[in-house]
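What follows is one structure encoded as structure tokens, with my remarks underneath.
In this chain, numbering begins with 1 at the start of the sequence shown. In each ligand, atom 1 is the first atom listed, and ligand 1 is the first ligand listed.
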Amino acid sequence: MNIILIGPPGSGKGTQAVKISEKYKIAHISTGDLLREISKSGSELGNRLKRIMTEGKLIPDDVVINLIEQRITDKGFVLDGFPRTLNQAKMLGKIAAIDAVLFFDLPDKEAVRRLSKRRQCRSCNRVYNEGASKCVCGSQLYQRDDDKEEAIRERLKVYQSETKPLLQHYKSRMKRIDASQSVEKVFKDVCGILSSLRV
Ligand code: AP5
């Protein structure tokens with residue numbers, strides 16, 4: 001099964017992608033995590049990506065598309081954070097058939113609240129809320145540079161202008177999920193939709 005998750009920053013795409021990947025035994029491909037890994041490398045490209053991400057802007061399509069092309073296989077995947085532009089969606093359509101497009105709908109106010117409290121593991125990228133001290137893998141947690149209020153506002157703006165138009169592109173296959181519910185309830189809705197699509 002090939003699944004795409006679309007939703008504003010903080011809508012729980014990463015949280016749910018981990019659960020979907022475990023339950024359905026498919027690969028979890030997060031462009032955000034892949035880009036953050038490169039940005040830690042200290043290379044010229046890494047430093048350029050870090051600057052763009054810290055400002056809350058999008059990485060150029062050619063860089064992200066190249067990353068995705070290297071990782072897509074025919075064994076099934078859940079894409080978390082890709083596609084994010086119409087150009088990316090068109091490219092994806094050429095290399096893979098998409099079975100489900102899940103739209104995580106969340107008001108901006110709640111997205112800002114969640115992101116300002118988010119902490120992430122430096123090692124395995126698992127996400128937590130403020131107050132958690134260490135990851136289950138034993139590594140330290142940190143606050144992402146783009147989880148500061150100004151960057152969050154910019155990311156929400158970019159989502160509205162660049163990514164939200166994808167909902168129209170995927171209109172016939174897109175299923176809306178109320179992402180303001182608890183993690184468990186959102187996952188129940190996700191599983192309900194995915195089971196109805198499986199033959
Ligand atoms: P990326 O890492 O993909 O960030 P994002 O899309 O902004 O999404 P987030 O990771 O912020 O949120 P999420 O929806 O995954 O929510 P999460 O589960 O963590 O991208 C970062 C940057 O990389 C971009 O800004 C861009 O620069 C670049 N980039 C990435 N992909 C790109 C692409 N395709 N093209 C160009 N550039 C690209 O949850 C958030 C918080 O809420 C957590 O603390 C979590 O514990 C909590 N939470 C989750 N669900 C719930 C719930 N149901 N109830 C209460 N709390 C919850």
If the contact criterion is a heavy-atom separation under 4.0 Å, does [X] count as touching ligand 1?
{"X": "Ile52", "result": "no"}
{"X": "Phe104", "result": "no"}
{"X": "Lys117", "result": "no"}
{"X": "Gln120", "result": "no"}
{"X": "Gly10", "result": "yes"}

Identify all side-chain donor-acceptor contacts of residues 95-108 below 3.5 Å with residues at least two apart in sequence or on another chain.
residue	atom	partner	partner atom	Å
Asp99	OD2	Asn2	N	2.7
Asp105	OD2	Arg176	NE	2.8
Asp105	OD2	Arg176	NH2	3.2

Using distance alone, determine whether [X] and ligand 1 share an N or O pair under 3.5 Å.
{"X": "Lys57", "result": "yes"}
{"X": "Gly81", "result": "yes"}
{"X": "Leu115", "result": "no"}
{"X": "Thr31", "result": "yes"}
{"X": "Arg119", "result": "no"}

Notebook entry, point to check: Under 4.0 Å from any heavy atom of Leu58, which atoms of ligand 1 are there?
Noted result: 36 (C), 37 (N)
Note to self: Using a 4.0 Å cutoff against the non-hydrogen atoms of Met53, which atoms of ligand 1 qualify?
What the structure shows: 22 (C), 23 (O), 27 (O)
Next item on the list: Show the numbers, then the answer: is there a side chain to side chain donor-acceptor pair (under 3.5 Å) between Asn87 and Thr85?
Entry: CA-CA 5 Å; Asn87 194 24; Thr85 64; 5.3 Å; no
Return the option from [options] holding the heavy atom at the smallest distance from [atom].
{"atom": "atom 39 (O) of ligand 1", "options": "Thr15, Ile59, Ile152", "answer": "Thr15"}
{"atom": "atom 43 (C) of ligand 1", "options": "Arg118, Arg84, Gln16", "answer": "Arg118"}
{"atom": "atom 11 (O) of ligand 1", "options": "Arg114, Arg155, Glu55", "answer": "Arg155"}

Note to self: Within 45 degrees of the ring normal and closer than 6.0 Å to the centroid, is that where the cationic atom of Arg122 sits relative to Tyr142?
What the structure shows: yes
